[in-house]
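Report on one structure; see the data block that follows.
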Amino acid sequence: MMSHDGMDDMADLLAEEKSQKPSLKDRSDTVDLTTDTSLMVDISDALSERDKVKFTVHTKTTLPDFKQTEFSVVRQHEEFIWLHDRYIENEEFGGYIIPPAPPRPDFDASREKLQKLGEGEGTMTKEEFSKMKQELEAEYLATFKKTVAMHEVFLQRIAAHPVLRSDHNFRVFLEYDQDLSVRSKNKKEKFGGFLKTITKSADEVMLHNQKDVDEFFEHQKVFLEEYYTRIKDSTSKADKMTRTHKNVADSYIKISGGLVQLATIENTDLSKFLNSLGDGFEKARKLEGRIASDQDLKISDTLRYYMRDSSAAKDLLYRRLRCLSNYESANKALERARLKNKEIQQSENAQQHARESFDHISEIAKSELADFKTRRVQMFRKNLIDAAELEIKHSKAHVQLLKNTIQTLKEA
Amino acid sequence: MGAYMTYKIVTKTNIPEFKKELFSVNRRFSDFLGLHSKLEEKHAHLGRIVPPAPEKSVIGMTKVKMSKEDDGTLAHDEFVEKRRASLERYLNRTASHAVLRLDSDFREFLQLDADLPKATNTSALSGAGMKRLFNRVGISVNKMTYKMDESDEWFEEKQQQLENLDDQLRKLHTSVEALVHHRKQLSLHTASFAKSAAMVGNAEEHTSLSRALSQLAEVEEKVERLHEKQADADFFVLAELLKDYINLIAAVKEVFHQRVKVFQNWEAAQQTLTKKRETEAKMHLAGKTEKLDQAKADIAEWEANVQKGQHEFEEISQTIRKEVDCFEKQRVIDFKSSIIKYLDSLIDDQQQLIQYWEAFLPEARAIA
């Protein structure tokens, strides 16, 4: 006799399985929850083709700068990278934390697993094979949903930012209904990207060695360096943990399959018993799988996002540093000019301009870094609460499942 | 390497054949093997299913004896616990057998308040061991070449069932071993994650978030220990249960084989009797009356042997039927109770999990 609670949880489990459409509410975790609705962006659809993903970017706006109030375009990953790079290159945005670019959609792991499964088809029963295939398809779908979410969040952060949203390239990205033809540009950029990495490492060393006069920025530097290293490590460990948890869930497949097979050859009382047990393991598998993926979503992904955002914040510090470096060079140039009594006015103008740039970038950076902290605290809070609530929910369902199973087994 | 492990055995009984109701002795592993060997010798050929002794893992024990570092202590403890548990199961299985429990060697094993004579023929590398190894090979060859004329359907069916059962149990055992492995990995990775989360918490500048992250690290440490505990349950309750039954089935197959040997003896006796009769008939025809008395005596002897052979065969067949019946009943009880015990331990673990996360929740909510 299954208790009513038990049945409800079982129904819950199955219902959640069926609803695949992620809600808008779930996805905008990383964005400031502002009430400004003048520019709303979301990815309303996505199509996975052999080696690329096509995202449908949907915009709803009341801003006069756009030609229409509601429109959609199709974009691929490279075009998102193009947009991100335009922000990075733009000196005007030097003082802002540029939202980290979404990672490239990576289905290689899923595809490899699917292929391995196909090769091993002969070694397992039909049921086992179909279950494993189902699992892999679910994994593929989850990876797909994640990549959509990450591309969406990137756009939504920009759209919510009063300054970043005004960039012309952003508008083109949202509105221009043709291909942005960035593929060839990106090839050049790949090389440029390599050089950028070298410059970045040099920046890191420079940042690390320089002690800032400004206490706030000195503290930020020390904090961000340490924080980034640790959160990067934690992200990879969280990933390992959730992957292994998934392995535990998957190993239940062979066990429940084996139990059912054992039940068919049993000629004793154990037949019914083993069938029920096999059934129990199958349900437990779904639960454990759900726990693993929720952990992944709430904990691993939060860590991962803030790892990237910390990196973006560090980039801001580098840019400010380069600006400072320019200012110092301009100062020296002015001194030399005064000594030689040559081109003083020019040098004075250059120095003033450099100082203004530096002050400007420092001012913006301060508020951006404060904002970074607020966003970080908010997101961790929300996701840690969600994670704990989900763990409790799943464990309660697990207890119910175990009790029901024991009850059925005792009656068998 | 003179040191060895002894295990303390405590027996509680109300069977009158035992001298006391509560008593304990110390025995070493080789004593168990010696006991098993004696029981098998005395009972297997009569069709009784003798519970198999725990496996001698030469590699396992020497590895443990050799290693001196910390890792060695952990591996050592695990190994000893595994062995202790399997020895306990072995004794209880033997003790629940109506005939074996009263066996004099078994009672001496449990009661004798002194060291037992060292069982030398169990040492894996001794001469006796080699002899037994060859004997086993002999048996296998015999099993392959001799095809018994089975007139009893029950035996044919049962053997087939046992083969199938063996197959399935082995497969299931492998799958459970995989689960144990993954859960142990999960425990390790959770521990590693917990440490990293504590590090992030230490670096975090926002006070209440920092505290919450440290709390998260603590929860994950507790979760890690739960995973470890669960992996142990997976192993000690589930995997070892399956392993035991794989070994028990081997013991059941052994008595079936003994029956075949008894049948062979009977058949051989019949053949000899036929020959003796032929010899007598030939003598009669050839008129060799002096040897006739001898021939007649021979015939009488072999008629008795044939009768004895038939009787033994019928006895062993009957015993096996009873034993297998008992075995099946016991198997059902064993499986049911072990699995329910396993599931109960899982419930405990899940309830612990709920406690841990419920304690963490207010910490997360307190992030301001």
Side-chain angles (χ1 to χ4, degrees), chain A residues 219 223 226-227 229-231 233-238 240-245 247-248 250-255 257-259 261-262 265-270 273-274 277 280 284 299 303 373 376-378 380-381 384-385 387-389 391-392 394-396 398-399 402-403 405-406 409-410 412, chain B residues 161 164-165 167-169 171-172 174-176 178-179 181-183 185-186 188-190 192-197 199-200 202-206 208-209 212-213 216 219-220 227 238 328-329 331-332 335-336 339-340 343-344 346-347 350-354 356-358 360-361 363-365 367-368:
Chain A
H219 168 78
F223 164 68
E226 189 65 41
Y227 189 77
T229 312
R230 293 184 181 192
I231 202 172
D233 181 52
S234 196
T235 305
S236 87
K237 300 221 160 100
K240 234 180 172 173
M241 179 177 75
T242 52
R243 254 201 315 270
T244 314
H245 207 135
N247 288 343
V248 168
D250 286 346
S251 67
Y252 281 21
I253 294 178
K254 286 222 153 138
I255 294 177
L259 287 167
Q261 273 204 297
L262 193 59
I265 68 169
E266 270 291 343
N267 56 329
T268 64
D269 268 358
L270 279 181
F273 184 90
L274 291 168
L277 185 64
I299 297 185
L303 290 167
K373 183 175 174 180
R376 176 173 85 244
V377 172
Q378 267 182 7
F380 267 92
R381 181 179 188 278
L384 286 176
I385 292 174
E389 285 179 343
E391 288 271 353
I392 293 168
H394 292 319
S395 287
K396 285 188 170 158
H398 208 153
V399 169
L402 288 167
K403 285 190 170 152
T405 308
I406 291 179
L409 290 178
K410 283 185 171 157
Chain B
Q161 274 171 14
N164 294 343
L165 194 60
D167 266 343
Q168 265 316 115
L169 287 178
K171 268 205 235 157
L172 199 53
T174 310
S175 312
V176 174
L179 172 64
H181 167 76
H182 285 133
R183 237 201 267 277
Q185 288 285 93
L186 179 58
L188 278 169
H189 293 159
T190 306
S192 172
F193 169 68
K195 289 197 185 86
S196 75
M199 294 286 273
V200 174
N202 280 343
E204 174 56 63
E205 45 172 9
H206 185 94
S208 53
L209 176 55
L213 286 169
L216 177 70
V219 171
E220 293 289 356
H227 285 313
L238 226 51
E328 304 264 69
K329 288 204 175 79
R331 181 161 72 86
V332 172
F335 263 73
K336 283 190 175 178
I339 284 170
I340 290 182
L343 295 176
D344 271 331
L346 292 189
I347 289 183
Q350 289 300 320
Q351 283 172 333
Q352 275 283 50
L353 270 179
I354 294 173
Y356 294 155
W357 287 105
E358 279 182 342
F360 173 73
L361 202 48
E363 288 293 339
R365 291 209 172 110
I367 300 172

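By convention in this document, chain letters (A, B, ...) are assigned in the order of the sequence lines, proteins followed by strands, and residues within each chain are numbered from 1.
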In the structure I gave you, are the side-chain heavy atoms of R376(A) and E204(B) within less than 4.5 Å of one another anywhere? yes
| field | Within-4.5 Å side-chain heavy-atom neighbours: I299(A) and M241(A) | value | no
One option among Q261(A), K254(A), H219(A) has the most heavy-atom pairs under 4.5 Å with chain B, and it is Q261(A)
Bottom line for A368(B): the part with an atom under 4.5 Å from chain A's heavy atoms is backbone
Whatever's closer than 4.5 Å to a heavy atom in chain A on E220(B) counts as side chain
Residues Q168(B) and G258(A): closest non-hydrogen pair is NE2-O, 3.3 Å
Whatever's closer than 4.5 Å to a heavy atom in chain A on L209(B) counts as side chain
When the 4.5 angstrom heavy-atom criterion is applied to L172(B) and chain A, the contacting part is side chain
Cut-off 4.5 Å, heavy atoms of chain A, and the answer for D167(B) is neither
Applying a strict 4.5 Å limit to non-hydrogen atoms, the region of E389(A) in contact with chain B is both
Correct closest heavy-atom pair for S234(A) and A197(B) would be OG-N, 3.8 Å
Looking at side-chain heavy atoms only, is the closest gap between N202(B) and R230(A) below 4.5 Å?
yes
Answer key: most heavy-atom pairs under 4.5 Å with chain B among G257(A), S251(A), A387(A) is S251(A)
Whatever's closer than 4.5 Å to a heavy atom in chain B on L277(A) counts as side chain
So, the part of K240(A) with a heavy atom under 4.5 Å from chain B: the answer is both
Shortest non-hydrogen pair, F360(B) vs A388(A), comes out as CD2-CB, 3.8 Å
Q: Please tell me if the side chains of L409(A) and L343(B) come closer than 4.5 Å, counting only heavy atoms from C-beta onward.
A: yes
If one checks every heavy atom of L188(B) against chain A at 4.5 Å, the contacting part turns out to be neither
TODO: Dump the intermediate steps for side chain to side chain contact (heavy atoms under 4.5 Å, CB included) on K396(A) and I392(A), then the final yes or no.
DONE: CA-CA 6 Å; K396(A) 285 188 170 158; I392(A) 293 168; 4.0 Å; yes
- Check whether any side-chain heavy atom of R243(A) lies under 4.5 Å from a side-chain heavy atom of N247(A), and answer yes or no. no
Is any side-chain heavy atom of K336(B) closer than 4.5 Å to one of L270(A)? yes
Cut-off 4.5 Å, heavy atoms of chain B, and the answer for F273(A) is side chain
Chain B shares the most heavy-atom pairs under 4.5 Å, among E226(A), E266(A), K403(A), with E266(A)
Quiz prompt | Non-hydrogen side-chain atoms of L402(A) and D344(B) separated by less than 4.5 Å | solution = no
Chain A shares the most heavy-atom pairs under 4.5 Å, among I340(B), I339(B), N164(B), with I339(B)
Max heavy-atom pairs within cutoff under 4.5 Å with chain B, candidates D233(A), D250(A), I255(A), V399(A), goes to I255(A)
Whatever's closer than 4.5 Å to a heavy atom in chain B on I265(A) counts as side chain
Heaviest contributor of heavy-atom pairs below 4.5 Å to chain A, chosen from Y356(B), F335(B), W357(B), is W357(B)
Q. Taking the side chain as C-beta and beyond, is there a heavy-atom pair between L216(B) and F380(A) under 4.5 Å?
A. no
One option among K329(B), Q350(B), H206(B), H227(B) has the most heavy-atom pairs under 4.5 Å with chain A, and it is Q350(B)
Greatest number of non-hydrogen atom pairs under 4.5 angstrom with chain A, of Q351(B), K171(B), Q161(B), falls to Q161(B)
